[in-house]
Chemist: 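Have a look at this one.
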Amino acid sequence: MTDTAVTMEDFEALLFESFEVNEPAEGNVVKGKIVAIEKDLAVIDVGLKTEGRVPLKEFGAAGRDGTLKVGSEVEVYVDRVENAMGEAVLSREKARREESWVRLEELFNANTRVDGIIFNQVKGGFTVDLDGATAFLPRSQVDIRPIRDIAPLMNISQPFQILKMDKRRGNIVVSRRAVLEESRAEQRSEIVGKLEEGQVVDGVVKNITDYGAFVDLGGIDGLLHVTDIAWRRVNHPSEVLTIGETIKVQIIRVNMETHRISLGMKQLEADPWETIGQKYPLDSRFTGRITNITDYGAFVELEPGIEGLIHVSEMSWTKKNVHPGKIVSTSQEVEVKVLEVDPEKRRISLGLKQCLDNPWEAFAARFPQGTEVEGEVKNKTEFGLFIGLEDDVDGMVHLSDLDWNRQGEEALEDYNRGDMVKAVVLDVDIDKERVSLGIKQLSNDPFTEATDGMRKGSIVTTTVTQVNDGGIEVQIADGDQIAFIKRNDLSRERSEQRPERFAVGDKVDARVIQFDKKTRRISLSIKALEIAEEKEAVAQYGSTDSGASLGDILGAALQQNTPND
């Protein structure tokens, strides 16, 4: 019994092992043999108890041209071992896809390009047939630059680079752009290797920007900067170049690492700045065209490639602190004078006003010092008035020249902008472009008139106009000049130095102890007059040392000065 039982178990194990070896597992690719062809189906035996049927169209061209025959061996994918009808479910397309996945994974790991065909457009990109496996081509990976029409690229075999593979999800992402960039890089390296600095080549203007133009040198682009297009000022490259135009350029710089190439056109012509000094000597005059206007001046083209700057300070004799655009306009022809030439810095300083009559010289000739003029008050400042005169010349009246008797700040209140006033020309400084005027000079100086012939030590007769604790205010006779006699100058005797002993209207003689025309100040002293009279009397009639008393001397002096009846 035991031996017999063991034998049965061994037989079952062998039978099970036989089925396991001969029965292919679902989800695998196996080899089968065509046992029959029924219309558009191939009946295939893959070693199972049942057979499977596969449409001939899944075999591609082989299924259409009749090359498949009974007995042919083919590889198919076992989807299910047995369906409801008892047949095996087989697929040639899935088998091909599995084959493709294995091959594509090998190429992906080796970073090798694959051939494929773009056959459909989907959201965000396109689908590509990679010999049975379907891949996704994002729109951004189609070309180096965005393209509008992709029709010429569809249904043709072309190389792609696999970017990503996920077999579990069945996703493959490919790029046509990566292949183009790699090919372009190889081509660029080859072209760059043949270029040398200083070499002159032909190129086609490919693109124009604000800062320059990109020129195709036959597979690689070079940048022609706007400053290297011409020696003259070029505001925008489109003024000189057009897209598609063939031009000659010189290789200025080549960066072998970045493959960046700098180009130049002006370098093919002689530099006009080399002989600039001889062509444009100082103080010479030329006619040019305004090409550009800035806040600080205007640029003038003297010849192609040569521009000079008229600084705003050299544009007008009289218009100050105005924008250059209010004096000149773009494209205007102007006459200028060469003020400075610097070939190293490639600069020419020009003057516009130097070619016009200097209004300050004309004013000085027409209105010499002392001439009376009339004008409008243009501005009123803390230090005086600005008066508008002829030919846009302004003159200034300083505070000190407004009034003879009043402080300048007080006199300034009498004037407002727009007032018409008369003044006298005091001075014209042509170099500094200044005209000094005076209003008070329209009349004689009352101080001068009142003090005519007066000097320090003079004796004057005054009238008391005011009495206060500090002294008395007096008015000098025959004039309006006011002076002040301090308390301690009221008398030689201390007891008489009392202001209250004087009354308004009293006539008082005093001696000038200080006289300054510049400060217009007069200081008087009764005390100094008394001392002076005493000295004079002593000198004339003797001294106390000779036996005469001071009273006798003064009495004699007074008697001498008293007229006889």
Side-chain angles (χ1 to χ4, degrees), residues 317-321 358-458 460 462 465-466 470-471 473-486 512-525:
W317 290 109
T318 57
K319 295 178 181 179
K320 309 294 183 182
N321 301 320
N358 186 338
W360 307 97
E361 292 179 351
F363 185 89
R366 291 182 58 191
F367 302 98
Q369 186 176 348
T371 306
E372 184 177 316
V373 294
E374 185 177 10
E376 180 184 345
V377 176
K378 292 292 187 68
N379 197 13
K380 179 178 175 181
T381 68
E382 60 183 8
F383 49 83
L385 300 174
F386 284 92
I387 311 298
L389 304 172
E390 294 185 11
D391 298 327
D392 291 329
V393 171
D394 287 347
M396 191 191 81
V397 182
H398 193 267
L399 287 177
S400 60
D401 291 313
L402 288 173
D403 196 284
W404 288 114
N405 298 318
R406 293 185 296 167
Q407 293 291 327
E409 291 79 3
E410 181 184 351
L412 189 63
E413 298 299 323
D414 295 342
Y415 302 93
N416 295 296
R417 292 183 64 177
D419 291 348
M420 293 298 296
V421 296
K422 292 183 178 180
V424 174
V425 177
L426 303 181
D427 181 56
V428 179
D429 190 327
I430 297 174
D431 293 335
K432 294 183 179 180
E433 300 179 0
R434 293 178 184 173
V435 174
S436 297
L437 303 175
I439 292 178
K440 70 181 185 182
Q441 287 81 1
L442 291 169
S443 60
N444 294 328
D445 183 359
F447 180 85
T448 302
E449 292 182 346
T451 60
D452 186 27
M454 187 183 295
R455 61 183 184 277
K456 187 175 180 181
S458 299
V460 295
T462 67
T465 57
Q466 187 176 343
E473 183 183 270
V474 297
Q475 180 178 343
I476 300 174
D478 301 327
D480 297 328
Q481 188 62 38
I482 301 297
F484 190 76
I485 303 175
K486 296 180 181 178
V512 178
I513 60 174
Q514 185 178 358
F515 180 77
D516 190 340
K517 286 188 176 182
K518 289 186 178 180
T519 61
R520 304 172 64 80
R521 187 171 182 178
I522 301 174
S523 297
L524 303 179
S525 173

Chemist: Is L524 close to V474 at the side-chain level, that is, under 4.5 Å between some pair of heavy atoms?
Modeler: yes

Chemist: Would you call E376 and R417 a salt bridge, taking side-chain N to carboxylate O under 4.0 Å as the test?
Modeler: no

Chemist: Show the nearest heavy-atom pair for residues A364 and V428, with the distance to one decimal.
Modeler: CB-CG1, 3.7 Å

Chemist: Ion pair present between R406 and E413, side-chain N to carboxylate O less than 4.0 angstrom?
Modeler: no

Chemist: Is Q514 atom CD crowded by more than 12 heavy atoms from other residues, nucleotides or ligands, each under 6.0 Å away?
Modeler: yes

Chemist: Report the distance from atom CD1 of I513 to atom OG of S458, rounding to the nearest 0.5 Å.
Modeler: 13.0 Å

Chemist: side-chain contact (heavy atoms from CB on, under 4.5 Å) between L442 and E372: does it pass, once the steps are laid out?
Modeler: CA-CA 8 Å; L442 291 169; E372 184 177 316; 3.8 Å; yes

Chemist: Got N416 and K380 here, is their nearest side-chain heavy-atom distance under 4.5 Å?
Modeler: yes

Chemist: Quick check: closest heavy atoms across T381 and N379, and the distance to 0.1 Å?
Modeler: CG2-ND2, 3.7 Å

Chemist: Working to the nearest 0.5 Å, report the span between CG of D394 and OG1 of T318.
Modeler: 8.5 Å

Chemist: Indicate the atoms forming the closest heavy-atom contact of A411 with D403, along with that distance.
Modeler: CB-CB, 3.9 Å

Chemist: Starting at NE2 of H398, measure out to OG of S436 and round the result to the nearest 0.5 Å.
Modeler: 9.5 Å

Chemist: Measuring only between side-chain heavy atoms, which start at C-beta, is I439 closer than 4.5 Å to K422?
Modeler: no

Chemist: Rounded at 0.5 Å granularity, tell me how far OG1 in T462 sits from CD in E473.
Modeler: 11.0 Å

Chemist: Identify the heavy atoms of W360 and W317 that sit nearest to each other, and give their distance.
Modeler: NE1-O, 3.7 Å

Chemist: Which heavy atom of L437 sits nearest to which heavy atom of A423, and what is that distance?
Modeler: CB-CB, 4.0 Å

Chemist: Start with the C-alpha distance between Q441 and D401, add both sets of side-chain angles, then the distance that settles side chain to side chain donor-acceptor pair (under 3.5 Å), and finish with yes or no.
Modeler: CA-CA 7 Å; Q441 287 81 1; D401 291 313; 2.9 Å; yes

Chemist: When you look at NZ of K456, are more than 12 heavy atoms from neighbouring residues, nucleotides or ligands closer to it than 6.0 Å?
Modeler: no

Chemist: For the CG atom of D427 and the NZ atom of K432, what is their distance to the nearest 0.5 Å?
Modeler: 10.0 Å

Chemist: Kindly indicate whether the side chain of V435, heavy atoms from C-beta on, has any atom under 4.5 Å from the side chain of F367.
Modeler: no

Chemist: Minimum heavy-atom separation for I485 and S525, please, with both atom names.
Modeler: CG2-CA, 4.4 Å

Chemist: Within the structure provided, determine whether I387 and L385 are in side-chain contact (heavy-atom separation under 4.5 Å).
Modeler: yes

Chemist: If you apply the rule side-chain contact (heavy atoms from CB on, under 4.5 Å), what do you find for L402 with K440, and how did you get there?
Modeler: CA-CA 5 Å; L402 288 173; K440 70 181 185 182; over 6 Å; no

Chemist: List the steps and the verdict of side-chain contact (heavy atoms from CB on, under 4.5 Å) for S523 and F484.
Modeler: CA-CA 6 Å; S523 297; F484 190 76; over 6 Å; no

Chemist: So D414 and L412, do their side chains get closer than 4.5 Å, heavy atoms only?
Modeler: no

Chemist: What I'd like to find out is whether the side chain of N358 reaches to under 4.5 Å of the side chain of I430, using heavy atoms alone.
Modeler: yes

Chemist: Taking K378 first and then D392, would you say they form a salt bridge - that is, a charged N and a carboxylate O separated by under 4.0 Å?
Modeler: no

Chemist: Could you tell me if the side chain of M420 sits less than 4.5 Å from the side chain of E374, heavy atoms only?
Modeler: yes

Chemist: Apply side-chain contact (heavy atoms from CB on, under 4.5 Å) to Q466 and Q475, showing your working.
Modeler: CA-CA 9 Å; Q466 187 176 343; Q475 180 178 343; over 6 Å; no

